[in-house]
Undergrad: 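Sharing a structure here in structure tokens format.
Keep in mind that this is a model prediction, so the values were computed, not measured. Residues take their numbers from the sequence shown, with the count starting at 1. Ligands are counted one by one from 1 in listed order, and the atoms in each one are counted from 1 as well.
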Amino acid sequence: MVNAATRSSSANNEPVIVLGIESTAHTFAVGIVSSEPPYILADSRRQYVPKEGGILPREVASFFSQVAGEVVREALHQAGISAGDLSAIAVALGPGMGPALRVGATVARALAHYFHKPLVSVNHAVAHVEIARFLTGLLDPVVLYVSGGNTTVLSFRAGRYRVFGETLDISLGNMLDTFARETGLGPPYVVGGEHVIDRCSRGGEFISGFPYVVKGQDVSYSGLLTAALRAYRKGLEPLKNVCYTLREIGFSSVVEVTERCLAHVGKRQVVLTGGVAANDELNRKLEIMAQVHGARFKRIPKKYAGDNGVMIALTGLLSYMSSYNIIEPHRAFIRQRWRVDRVNIPWYPKTLGRSL
Ligand code: AMP
Ligand code: MG
């Protein structure tokens, strides 16, 4: 651990400025966040899009290595600062794909070393929660985190974001993308901000007989995916009906689990975060559920639903100001299966510019 005395920038009333690096999955991104308004100074990203099939970790890593330099440069240019002006460097060290994570960790280590900056280790899932709290101002929410790799219901309790429910197999985003890929609807999976499954669902009707699986507080999607693919391959139902049903069951089951968590913890706020938070229909369903319970729901802008560097910079800044998870660069090891509930959140319920 670096001594807290090295967190010097705020002592002379200068804003604390943190550069955050994201490289856990398909996006290499750099964000820069300041402790003073306008808070978000830069948001630069490049997404790896496979020409066909799924994501190959080695190809992603090679793409990240090619774009890393220009993304860092672009972010500094947007912020109108040089690396020397930074208070700290933050990096998402997990969870995620090893080869992809290693590129972000290497870039972060190099920057921290070369510019003599403290390095802050950030958990990617915590960052999705923090960006949602910051953007909505809902500071003590039940969080539904749905992305390409995760489907988790979280809420803060006793120092950490605790997992109240999660998928037992594949994530919601993975289910939508896999169905789209197997039926030729994608890639790309998202066109004009809309998932191809949404587009295909228009005018569709509900088919009975697909599995709706909620076990306790957990959901399961692999049986639903198999049933939908079987129905499509047999050609007994129009594709729009299969898409509509897949989406209805996928969304409803995860909203059910979020609802149970809300009732259990007795909180009054709900937020949705992660790539699938860009989905209009899921937002609508969650908002209706929150209203039924007299809870507040606020949507996050689509732009910050998916992976981005701003959320890493924001979380890095909160962590840095709490002297938490500041590490020596040579100890910046990636953690592919770093669980969200292993991370302390000493700044809670504060966020940038707001406290309860
Ligand atoms: P992330 O890993 O957080 O960047 O999220 C990526 C996932 O979000 C992928 O599975 C995408 O298909 C999914 N996604 C992005 N936009 C949408 C949308 N509008 N509706 C549903 N899923 C989406
Ligand atoms: Mg993500």
Undergrad: On a heavy-atom basis, I'd like to know which of G149, A305, A278, G275 is closest to atom 23 (C) of ligand 1.
TA: G275
Undergrad: Does Q217 reach the main-chain N or O of F164 with its side chain, forming a donor-acceptor pair under 3.5 Å?
TA: yes
Undergrad: By number and element, which atoms of ligand 1 are closer than 4.0 Å to a non-hydrogen atom of G173?
TA: 10 (O)
Undergrad: Pair E130, R133 - check salt bridge (charged side-chain N to carboxylate O under 4.0 Å, His left out), show working.
TA: CA-CA 5 Å; E130 291 307 334; R133 291 202 312 121; 2.8 Å; yes
Undergrad: Let's test this: below 2.8 Å, count the protein N/O/S atoms around the Mg ion (ligand 2).
TA: 3
Undergrad: Within the distance-only criterion (no hydrogens, no angle test), does the side chain of S171 pair as donor or acceptor with the backbone N or O of G148 below 3.5 angstrom?
TA: yes
Undergrad: For ligand 1, is there an N or O atom under 3.5 Å from any N or O atom of H26?
TA: yes
Undergrad: Looking only at distance, does G193 have an N or O less than 3.5 Å from an N or O of ligand 1?
TA: yes
Undergrad: Side chain, backbone, both or neither: which part of H128 has a heavy atom under 4.0 Å from ligand 1?
TA: side chain
Undergrad: Could an N or O of ligand 1 be found under 3.5 Å from any N or O of D177, whether backbone or side chain?
TA: yes
Undergrad: Closest non-hydrogen protein atom to atom 22 (N) of ligand 1, residue and atom name please, with distance?
TA: H195 CD2, 3.5 Å
Undergrad: Okay, side chain of T136, backbone of L138: is any donor-acceptor separation there less than 3.5 Å?
TA: yes
Undergrad: Under 3.5 Å, is there a donor-acceptor pair between the side chain of D85 and the main chain of S82?
TA: yes
Undergrad: Starting from atom 16 (N) of ligand 1, locate the nearest protein heavy atom and write down its residue, its atom name and how far away it is, to 0.1 Å.
TA: V190 CG2, 3.4 Å
Undergrad: For the pair K117 (side chain) and I89 (backbone), establish whether a donor and an acceptor sit closer than 3.5 Å, ignoring hydrogens and angles.
TA: no
Undergrad: Say whether, by atom type as modelled, one donor and one acceptor occur between the side chain of R299 and the main chain of A278 under 3.5 angstrom.
TA: yes
Undergrad: Do me a favour and list the nearest non-hydrogen protein atom to atom 1 (P) of ligand 1 with residue, atom name and distance?
TA: D307 OD1, 3.5 Å
Undergrad: Measure from the side-chain N and O atoms of D218 to the backbone N and O of G165, and report whether any donor-acceptor pair falls under 3.5 Å.
TA: no
Undergrad: Tell me if a side-chain donor or acceptor on T151 pairs with a main-chain N or O of T167 at a distance below 3.5 Å.
TA: no
Undergrad: What is the ring orientation for F156 with Y161, classed by angle as parallel under 30°, tilted 30 to 60°, or perpendicular over 60°?
TA: perpendicular
Undergrad: Any idea which protein heavy atom is nearest atom 20 (N) of ligand 1, and the distance to it?
TA: N279 ND2, 3.0 Å
Undergrad: Nearest to atom 7 (C) of ligand 1, what protein heavy atom do you find, and at what distance?
TA: G148 N, 3.5 Å
Undergrad: Do E256 and K285 have side chains that approach each other closer than 4.5 Å (heavy atoms only, starting at C-beta)?
TA: no
